[in-house]
Peer 1: 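Encoded as structure tokens, here's the structure I'll be asking about.
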Amino acid sequence: MFELNKATMIYDADKEEKVYAMKEIDLELPDTGLVGIIGPSGSGKSTMMYAMSTLKKLTAGDILYNGESLSTISDKRRQELRRNEFGFVFQRHYLIPYMTAIENAIVASNDPASEARKKAVKILTDIGLKEKELNKTPSKLSGGQRQRVAIARAMMNDPKVLFADEPTASLDHENAYLVMGRLKEYSRNRLVVVITHDRSIIRDADMFVEIWDGSVSNVGGAVL
Ligand SMILES: Nc1ncnc2c1ncn2[C@@H]1O[C@H](COP(=O)(O)OP(=O)(O)O)[C@@H](O)[C@H]1O
Ligand SMILES: [Mg+2]
């Protein structure tokens, strides 16, 4: 599904102090499954995910998504991919404060309103929200509940790829495992890419990629 060919990202290329966030990374990811990207802070994990999801453009090299070069695609096609094929979950939830859990989940939905609502209720309850929480605004929900709403929102358009950057970083263990369990389930017929610096939460990953200082230092089928 994703193929990185000498994928390179240099920040501040025009300055004296260049930052080599990705150094000629070669990597292939499968069509489905849970892929864990691990590595210390500053190693280039987020940069790699943003480049794969078209949020950032490489300095050199290329990334192919189903054979399509992400370096040369049009803005229109990039928007299509982000809207229809990719879903995003970030460390911070970025929910809209004055909207309820349901409204937040359907905010970027491509479905007609009544269908979107039904779907949101199903996804939100599947992921562990209680009926009475569905009409609460984010400030009335716990951190774990807010992050579940963010994940539900990311799943609304059935993305083929779900990108999650440290999705459990602000959660306690119980909520972290619940969220990871749902992502694992989703990865049965979709690709889920999860960044973390905590190995224990991606014990169930089908593949893991270790990043060290802008390079892939290890790739494996199970967490070491
Ligand atoms: N927009 C930016 N401009 C300059 N340097 C950046 C930018 N974003 C990230 N970096 C640097 O690139 C390197 C990799 O960052 P990042 O991909 O965020 O790593 P990680 O997600 O593993 O913590 C770090 O040295 C970071 O400081
Ligand atoms: Mg990061």
Side-chain angles (χ1 to χ4, degrees), residues 1-29 34-65 70-71 75 78 81-82 86-95 143-144 146-148 150-151 153-154 159 161-173 175-177 179-180 183-184 187 191-220 223-224:
M1 168 165 286
F2 280 100
E3 192 183 320
L4 284 73
N5 295 320
K6 294 199 181 316
T8 299
M9 181 77 82
I10 306 169
Y11 291 116
D12 300 328
D14 52 339
K15 300 203 182 119
E16 222 168 288
E17 291 275 311
K18 298 175 183 39
V19 180
Y20 293 83
M22 290 170 69
K23 300 173 185 167
E24 304 200 333
I25 292 183
D26 289 326
L27 183 69
E28 247 181 81
L29 299 187
L34 180 64
V35 176
I37 298 182
I38 43 188
S41 175
S43 56
K45 305 182 297 297
S46 295
T47 298
M48 191 166 100
M49 178 174 280
Y50 297 160
M52 286 197 292
S53 57
T54 77
L55 298 175
K56 280 186 176 168
K57 218 168 179 170
L58 291 177
T59 315
D62 202 1
I63 297 176
L64 304 182
Y65 173 65
L70 297 184
S71 299
D75 287 345
R78 179 174 299 124
L81 286 178
R82 283 188 207 166
F86 300 160
F88 299 92
V89 181
F90 298 98
Q91 180 172 347
R92 280 212 49 237
H93 54 77
Y94 298 112
L95 297 177
R146 286 197 285 263
Q147 193 61 318
R148 282 181 236 172
I151 290 172
R153 178 182 57 187
V161 189
L162 190 59
F163 293 102
D165 190 350
E166 308 263 9
T168 63
S170 60
L171 305 182
D172 58 35
H173 264 275
N175 278 302
Y177 283 109
V179 159
M180 285 313 299
L183 292 178
K184 173 73 184 173
S187 75
L191 178 64
V192 178
V193 184
V194 177
I195 288 181
T196 181
H197 56 258
D198 178 3
R199 276 165 197 273
S200 70
I201 72 144
I202 48 156
R203 268 195 296 242
D204 282 348
D206 300 294
M207 175 184 179
F208 74 95
V209 179
E210 266 187 281
I211 308 284
W212 181 264
D213 197 18
S215 299
V216 172
S217 58
N218 199 7
V219 177
V223 178
L224 293 175

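Just follow the structure's listing: the first ligand is 1, and inside any ligand the first atom is 1.
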Peer 1: What's the shortest heavy-atom distance between Pro159 and Gly87, and which atoms?
Peer 2: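 Answer, listing the atom of Pro159 first, then Gly87: CB-N, 3.4 Å.
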Peer 1: Can you tell me how far apart OG1 (Thr168) and CG (Asn175) are? Round to the nearest 0.5 Å.
Peer 2: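 Output value for this atom pair is 10.0 Å.
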Peer 1: Would you call the rings of Tyr65 and Phe86 parallel, tilted or perpendicular, taking 30° and 60° as the class edges?
Peer 2: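 Geometry flag for Phe86 against Tyr65: perpendicular rings.
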Peer 1: Do side-chain atoms of Lys45 reach the backbone of Trp212 as a donor and acceptor pair under 3.5 angstrom?
Peer 2: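 No, because the side chain of Lys45 does not come within donor-acceptor range (under 3.5 Å) of the backbone of Trp212.
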Peer 1: Assess Ser41: does it contribute an N, O or S atom lying under 2.8 Å from the Mg ion (ligand 2)?
Peer 2: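 Short answer: no, not a single N, O or S atom is under the cut-off.
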Peer 1: Please output the residues near ligand 1 using a strict heavy-atom distance under 4.0 Å, listed in chain and residue-number order.
Peer 2: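 Residues Tyr11, Asp12, Val19, Ala21, Pro40, Ser41, Gly42, Ser43, Gly44, Lys45, Ser46, Thr47 each place a heavy atom under 4.0 Å from ligand 1, listed by chain and number.
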Peer 1: Which residues pass the ring pair (Phe, Tyr, Trp, His ring centres under 6.0 Å) test with Tyr20, sequence neighbours left out?
Peer 2: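 Applying ring pair (Phe, Tyr, Trp, His ring centres under 6.0 Å) to Tyr20 gives none.
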Peer 1: Would you compute the distance between atom CZ of Arg146 and atom CD1 of Ile151 and round it to the nearest 0.5 angstrom?
Peer 2: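 If I round to the nearest 0.5 Å, the distance is 13.5 Å.
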